[in-house]
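First comes the structure, then the notes that go with it.
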There are 2 protein chains.
Amino acid sequence: MFSIGEVSRRTGIKVPTVRYYEQMGLIAAPERSSGNQRRYDRNTLRRLEFIRHARELGFSLDDIRDLLRMSEGAGTPAHDDVHRIAGEHLRAVRARIERLKRLEAELTRISSCKAGTLSDCAVLETLSDHALCIGEH
Amino acid sequence: MFSIGEVSRRTGIKVPTVRYYEQMGLIAAPERSSGNQRRYDRNTLRRLEFIRHARELGFSLDDIRDLLRMSEGAGTPAHDDVHRIAGEHLRAVRARIERLKRLEAELTRISSCKAGTLSDCAVLETLSDHALCIGEH
DNA sequence: CTTGAAGCTCTAGTGGCTAGAGGAATTACA
DNA sequence: TGTAATTCCTCTAGCCACTAGAGCTTCAAG
Ligand SMILES: [Zn+2]
Ligand SMILES: [Zn+2]
Ligand SMILES: [Zn+2]
Ligand SMILES: [Zn+2]
């Protein structure tokens, strides 16, 4: 059995975040010591590692809750659902990349301003007027 | 003089957001009608257009506050400061793109799972174990 | 047995809004 | 001028995924 600090060290998830995940229903309320401190088993440790990795890959806590439920083999059409969640997330990630690339192009362009004074600065001029932009965002 | 709804229509910023910007000190508290309703002048309209465009380009409200102060020609070394803010933001955008690209590579890889069952699903296996990943994130 | 680290609960703050309640003002039209 | 529809007001609370801090209790090492 592991204390919450031990769990935190092993998973890399901060102590308050572990408690937050419990509150959010991602992990069950663990057993307690005689003095009311949380004591975790190895299963919960694995579950938290899953959560951490899924978070690193950008999944929302809602998605992770669903993925965990499926990985426990709850429903029958679960494999499709897993891929639906992953696919939607991938599409969202790609959309964010596209948006950020447009921002990057615009910011790169305006940052190349060679003016010495504020009144001719391309940054401020462009911020004042989207018509000076090369594309949408 | 424009009502807050008129301002909202002209700038594309929602009414509660305009009030929020006032609360956050991005625009001054405007004049009021005899019945206590906000009445805006053209300067504020331009200011809000600046804010909107800067938000679309991903600047934080804190950055925008600084940029607005500089565009009014407050301090002397302002042009450098403008470029420092824009440059830092550009670097942050690039870092986010890099991170998202790594996520995308990983998500693309795991989504190509051809298994028919949950127990062999590459999505769940990879989420359980970062060692199955091709890179960092 | 003492001490310091680690744990507990609870509240509040982060950013950038958005939604809703409950009421007052304005505007359009008959 | 009456009235109904629309817009406006303030205030509070919610979103996501944490994070920080106060004030207290328990645990582990020496
Ligand atoms: Zn410049
Ligand atoms: Zn633009
Ligand atoms: Zn699969
Ligand atoms: Zn990984």
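Note that the structure is a prediction, hence the values are computed from the model and not measured. Note on naming: letters A, B, ... go to the chains in the order of the sequence lines (proteins, then strands), and numbering restarts at 1 for each one.
- Neither OP1 nor OP2 of D/dC18 sits under 4.0 Å from any side-chain N or O of A/Arg52.
- Between A/Leu61 and B/Tyr40, the residue anchored closer to the 5' end of DNA chain D is B/Tyr40, taking for each the nucleotide with the nearest heavy atom.
- Atom CD in A/Glu56 sits roughly 11 Å away from atom P in D/dC18 (whole-Å rounding).
- Atom CD1 in B/Ile51 sits about 12 Å away from atom P in C/dG16, given to the nearest Å.
- Following rounding to the nearest Å, B/Asp62 (CG) and C/dC17 (P) show an atom-to-atom distance of 12 Å.
- With the nearest nucleotide of DNA chain D identified for both A/Tyr20 and B/Val15, B/Val15 has the one nearer the 5' end.
- Each of B/Leu48, B/Thr17, B/Val15 was scored for a side-chain contact (heavy atoms from CB on, under 4.5 Å) with B/Ser8, with one residue passing: B/Val15.
- When rounded to the nearest whole Å, the span between CE of A/Met24 and P of D/dG14 equals 13 Å.
- At whole-Å resolution of the value, CZ in A/Arg9 and C1' in C/dA5 are 11 Å apart.
- With respect to B/Glu56 and B/Arg52, a salt bridge is recorded, a charged nitrogen being found less than 4.0 Å from a carboxylate O.
- Classification of B/Glu136 and B/Arg102 as a salt-bridged pair fails, no side-chain N sitting under 4.0 Å from a carboxylate O.
- Under the 4.0 Å criterion applied to side-chain N and carboxylate O atoms, B/Arg19 and B/Glu22 are not assigned as salt-bridge partners.
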Sub-3.5 Å pairs of nitrogen or oxygen atoms, protein against nucleotides 27-30 of chain D:
| residue | atom | partner | partner atom | Å |
| --- | --- | --- | --- | --- |
| D/dC27 | OP1 | A/Ser33 | OG | 3.1 |
| D/dC27 | OP1 | A/Gly35 | N | 3.0 |

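- B/Phe59 and B/His89 have tilted rings, their planes meeting at an angle from 30° to 60° on a 0 to 90° scale.
- A/Arg19 has no side-chain polar atom (N or O) that falls below the 4.0 Å cut-off from OP1 or OP2 of C/dT9.
- The only option from A/Arg42, A/Glu6, A/Glu31, A/Arg38 that meets the side-chain contact (heavy atoms from CB on, under 4.5 Å) definition with A/Met1 turns out to be A/Glu31.
- We find that CD of A/Glu6 is positioned 18 Å from P of C/dA5, with the value rounded to whole Å.
- A/Gln23 has its CD atom 13 Å from the P atom of D/dC18, to the nearest Å.
- Dashed line: the shortest gap from a side-chain N or O of A/Tyr21 to OP1 or OP2 of D/dA17 is not under 4.0 Å.
- Nucleic acid contact class of B/Arg55 (heavy atoms, under 4.0 Å, all strands): sugar-phosphate only.
- Among the atoms of the strands shown, only primed sugar atoms or phosphate atoms (P, OP1, OP2) are found under 4.0 Å from some heavy atom of A/Arg32.
- Contact between A/Arg10 and A/Glu49 at its shortest, heavy atoms only, is O-OE2, 4.2 Å.
- Side-chain N/O atoms of B/Arg38 include none lying less than 4.0 angstrom from OP1 or OP2 on D/dC8.
- For the pair B/Met1 CE and C/dA25 C1', the computed distance is 17 Å after rounding to whole Å.
- The side chain of B/Lys14 contributes no N or O atom lying less than 4.0 Å from OP1 or OP2 of C/dC17.
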